[in-house]
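This report refers to the structure that appears directly beneath it.
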Amino acid sequence: MKFIDKLHAAIERNNSLLCVGMDPTEKMLPPGADVYGNLVSWAQELVTSTQDLVCCYKPNIAFFEAFGPKGYRALADIIAWMPKDIPVLLDEKRGDIGS
């Protein structure tokens, strides 16, 4: 399904124009040394609690990049896990505004 078709379907189904940004920072994550696991758990909790309220998710690659290779791997696995009927818009901009 094309992105725009998936977006329109999610807008109709959830009666929503809400796009949830995913900009994780270290202070947002639960304490612990497992960066990968913490990122995945954080994202899964966010998506699970909002998937009936949104039309799109927008992870910001720069925030995941800040966690190094584990952040990149977490982002790839998070996107693969996300509900297939809600589009994902990968935010790749740099230096535009603060979080």
Side-chain angles (χ1 to χ4, degrees):
M1 179 181 283
K2 291 181 184 178
F3 177 89
I4 195 71
D5 296 331
K6 194 184 285 192
L7 178 62
H8 284 284
I11 289 169
E12 288 294 318
R13 182 180 53 257
N14 291 339
N15 191 29
S16 176
L17 295 174
L18 179 64
C19 177
V20 172
M22 300 174 74
D23 305 346
T25 61
E26 194 170 338
K27 65 182 176 183
M28 294 170 69
L29 300 176
D34 182 16
V35 171
Y36 170 83
N38 285 342
L39 286 168
V40 170
S41 294
W42 168 81
Q44 288 178 337
E45 183 177 329
L46 176 66
V47 171
T48 300
S49 64
T50 61
Q51 63 187 346
D52 62 335
L53 304 171
V54 306
C55 67
C56 187
Y57 288 101
K58 186 178 65 115
N60 187 315
I61 195 170
F63 284 80
F64 287 89
E65 183 179 88
F67 292 98
K70 291 179 182 181
Y72 279 119
R73 187 169 61 109
L75 177 59
D77 290 346
I78 290 163
I79 291 171
W81 171 86
M82 286 183 166
K84 302 304 179 215
D85 60 345
I86 300 175
V88 176
L89 180 63
L90 188 58
D91 185 347
E92 294 189 35
K93 65 186 176 302
R94 298 290 196 279
D96 60 332
I97 59 172
S99 173

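Side-chain heavy atoms closer than 4.5 Å link hydrophobic residues (I, L, V, M, F, W, Y) into clusters, and following such links, even through other members, never connects Leu53 to Ile11. Residues Leu17 and Met22 fall into different hydrophobic clusters, defined by Ile, Leu, Val, Met, Phe, Trp and Tyr side chains chained together at heavy-atom separations under 4.5 Å. In the hydrophobic clustering of ILVMFWY residues, with side-chain heavy atoms under 4.5 Å counting as a link, Leu46 and Phe63 come out apart.
Pairing each heavy atom of Phe67 with each of Leu39, the nearest pair is CE1-CD2, 3.8 Å. The shortest heavy-atom contact between Pro59 and Phe64 is CB-CE1, 3.9 Å. Closest heavy-atom contact between Tyr36 and Lys70: CD1-O, 3.9 Å. The heavy-atom pair separating Trp42 from Leu29 by the smallest distance is CB-CD2, 3.6 Å. The two residues Ala43 and Trp81 have their closest heavy-atom pair at O-CZ3, 4.4 Å.
For Glu26, the CD atom sits in a loose shell: 12 or fewer heavy atoms of surrounding residues, nucleotides or ligands are nearer than 6.0 Å. Atom NZ of Lys6 has more than 12 neighbouring heavy atoms from other residues, nucleotides or ligands inside a 6.0 Å radius. Annotation: Asp5, atom CG; neighbour count of heavy atoms from other residues, nucleotides and ligands within 6.0 Å is above 12. Counting heavy-atom neighbours within 6.0 Å of Glu45 CD, excluding the residue itself, gives a total of 12 or less.
Rounding to the nearest 0.5 angstrom, the gap separating the CD atom in Glu65 from the CG atom in Asn60 is 9.0 Å. With rounding to the nearest 0.5 angstrom, the CG atom of Leu7 is 9.0 Å from the CG atom of Leu89. With rounding to the nearest 0.5 angstrom, the NE2 atom of His8 is 11.5 Å from the CE atom of Met1. For the atom pair CD of Gln44 and CE of Met82, the computed distance is 9.5 Å after rounding to the nearest 0.5 Å.
Residue pairs meeting the salt bridge (Lys or Arg N to Asp or Glu O under 4.0 Å) criterion with at least one member in residues 80-89, sequence neighbours excluded: Arg13-Asp85.
Of the possible polar contacts, one joining the Tyr57 side chain to the Gln51 backbone as a donor-acceptor pair under 3.5 Å is found. Checking side-chain atoms of Asn14 against main-chain N and O of Cys55 turns up no donor-acceptor pair under 3.5 Å.
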I'd like to know whether Val20 forms a side chain to side chain contact (heavy atoms under 4.5 Å, CB included) with Leu18, so could you lay out the CA-CA distance, the side-chain angles of the two residues, the decisive distance to 0.1 Å, and finally the verdict. CA-CA 6 Å; Val20 172; Leu18 179 64; 4.2 Å; yes

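Annotation: side chain of Ile61 is in contact with side chain of Tyr72 (closest heavy-atom distance under 4.5 Å). Looking at heavy atoms from C-beta onward, Val47 lies out of side-chain contact with Ile78 at the 4.5 angstrom threshold.
For Asp52, the side-chain hydrogen bond (donor to acceptor under 3.5 Å, both in side chains) criterion is met by no residue, not counting sequence neighbours.
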